[in-house]
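Numbers restart at 1 for each chain; the letters A, B, ... are given by sequence-line order, proteins then strands.
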Amino acid sequence: MAQMTLKIASWNINSVRLRIKLVEAFLKAHKPDILCLQETKTPNDLFPAKALGRLGYKHIALHGKKGYHGVAIVSKLPLGDIMTQVFCDKDDCRHISVSFRTRNDEPVELHNFYVPAGGDVPDADENPKFAHKLAFLKEMDAFSARLGDAAADKKRILVGDLNVAPLENDVWSHRQMLDVISHTPVEVESLGRVVKSHEWADLTRAQVPESEKVYTWWSYRARDWQASNRGRRLDHIWASPAMARSFDKIEIIREARGWKQPSDHVPILASFEA
DNA sequence: ATGGTCGGCAACCGA
């Protein structure tokens with residue numbers, strides 16, 4: 001079988017309409033087959049589909065709403081089985097999934113998630129946003145477990161802004177972040193259960209040793225994001241065991257944080273020989 | 001220890 005490369009990207013764009021030029025620049029430079037976006041902040045009928053179609057991304061799956069949240073999948077490859085899942089009985093637009101076929105005609109199922117950020121106070125009794133985040137992760141665990149037998153050779157990919165930095169070197173200071181939402185032990189444990197539920201492989205950490213720091217997000221609030229470098233690894237690409245076998249490499253486009261009027265997240269790309 | 005900045009959308013909410 002011919003070795004073909006499949007490139008899947010994920011990016012929390014923080015308003016796709018405001019940053020459509022950055023999306024176009026990213027697609028031209030890195031040419032993923034499929035781009036998964038989070039925080040599109042737009043109703044589906046205002047999604048900038050035309051600009052993306054001109055670049056060859058003619059297949060688009062949308063789950064958006066006015067003003068908040070929203071996810072999208074834009075693809076050069078035809079998409080089927082477009083599905084959205086409501087979590088925590090909230091119509092938040094935090095998930096969309098599709099199926100597609102690789103150029104070797106292998107079927108793949110792709111899930112795009114935007115996990116709630118969880119607010120500021122790391123106590124679910126006092127902070128309903130944190131309670132929502134934990135409930136979402138719990139439902140995501142059940143959802144992931146229901147996807148089917150991970151060992152059954154089904155090729156699946158799960159990407160997104162999962163809003164949890166699980167490992168010590170996924171944050172700039174493990175000690176100082178232990179009671180900061182995104183790195184609290186309770187969230188890390190919840191995300192770990194999702195990973196276990198489907199034997200997901202964390203592709204960034206399949207490539208970058210756990211001893212090495214790696215980030216995908218830098219706060220807007222820093223005076224100089226690059227100088228302070230207080231980042232977090234919030235954006236993830238996971239693969240089912242069958243998919244992970246064809247994993248080639250991860251790229252994190254750090255320089256995108258320095259682009260004009262940037263998102264606070266940078267794109268992450270996974271390449272597969274598939 | 002605290003406050004710091006964004007985007008949507010038109011006063012604050014969500015991040």
Query raised in the report: When the nearest nucleotide of DNA chain B is assigned to A:Asp161 and to A:Arg17 on a heavy-atom basis, which residue is associated with the more 5' position?
Result: A:Arg17
Requested in this report: Take A:Asn12 and A:Arg19, find for each the nucleotide of DNA chain B with the closest heavy atom, and name the residue whose nucleotide sits nearer the 5' end.
Outcome: A:Arg19
Side-chain N or O of [X] closer than 4.0 Å to phosphate OP1/OP2 of [N]:
X        : N      : result
A:Lys66  : B:dG8  : no
A:Arg221 : B:dA15 : no
A:Gln38  : B:dA15 : no
A:His265 : B:dA15 : no
A:Arg230 : B:dT5  : no

Query raised in the report: Judged by modelled atom types alone, do A:Ser99 and A:Asp81 share a side-chain donor-acceptor pair under 3.5 Å?
Result: yes
Requested in this report: Using only heavy-atom distances, determine whether the side chains of A:His174 and A:His183 contain a donor-acceptor pair under 3.5 Å.
Outcome: yes
What integer distance in Å separates [X]:[atom1] from [N]:[atom2]?
X        : N      : atom1 : atom2 : value
A:Lys129 : B:dA15 : NZ    : C1'   : 8 Å
A:Leu234 : B:dA15 : CG    : P     : 13 Å
A:Gln261 : B:dG8  : CD    : C1'   : 13 Å
A:Leu46  : B:dG7  : CG    : C1'   : 15 Å
A:Arg223 : B:dC6  : CZ    : P     : 13 Å
A:Leu18  : B:dG7  : CG    : C1'   : 7 Å
A:Asp264 : B:dA15 : CG    : P     : 12 Å
A:Asp120 : B:dC13 : CG    : P     : 13 Å

Query raised in the report: Quick one: which of B:dC6, B:dA15, B:dG8 gets closest to the side chain of A:Tyr220?
Result: B:dC6
Query raised in the report: What's the closest nucleotide to the A:Arg94 side chain, out of B:dC6, B:dA15, B:dG14?
Result: B:dA15
Requested in this report: Between B:dA15 and B:dG3, how far apart are the C1' atoms? Round to whole Å, please.
Outcome: 16 Å
Query raised in the report: With rounding to whole Å, what would you report as the distance between B:dA10 and B:dG14 at their P atoms?
Result: 15 Å
Query raised in the report: Taking NZ, NE, NH1 and NH2 as the nitrogens, is one of them in A:Glu187 or A:Lys133 under 4.0 Å from a carboxylate oxygen of the other?
Result: yes
Query - Cationic N near anionic O, under 4.0 Å, A:Arg101 to A:Glu106 - result: no
Query raised in the report: Taking the inter-plane angle between the rings of A:His198 and A:Trp200 on a 0 to 90° scale, is it parallel (under 30°), tilted (30 to 60°) or perpendicular (over 60°)?
Result: tilted
Requested in this report: Would you mind classifying the nucleic acid contact of A:Arg232 as base, sugar-phosphate or nothing, using non-hydrogen atoms under 4.0 angstrom?
Outcome: nothing
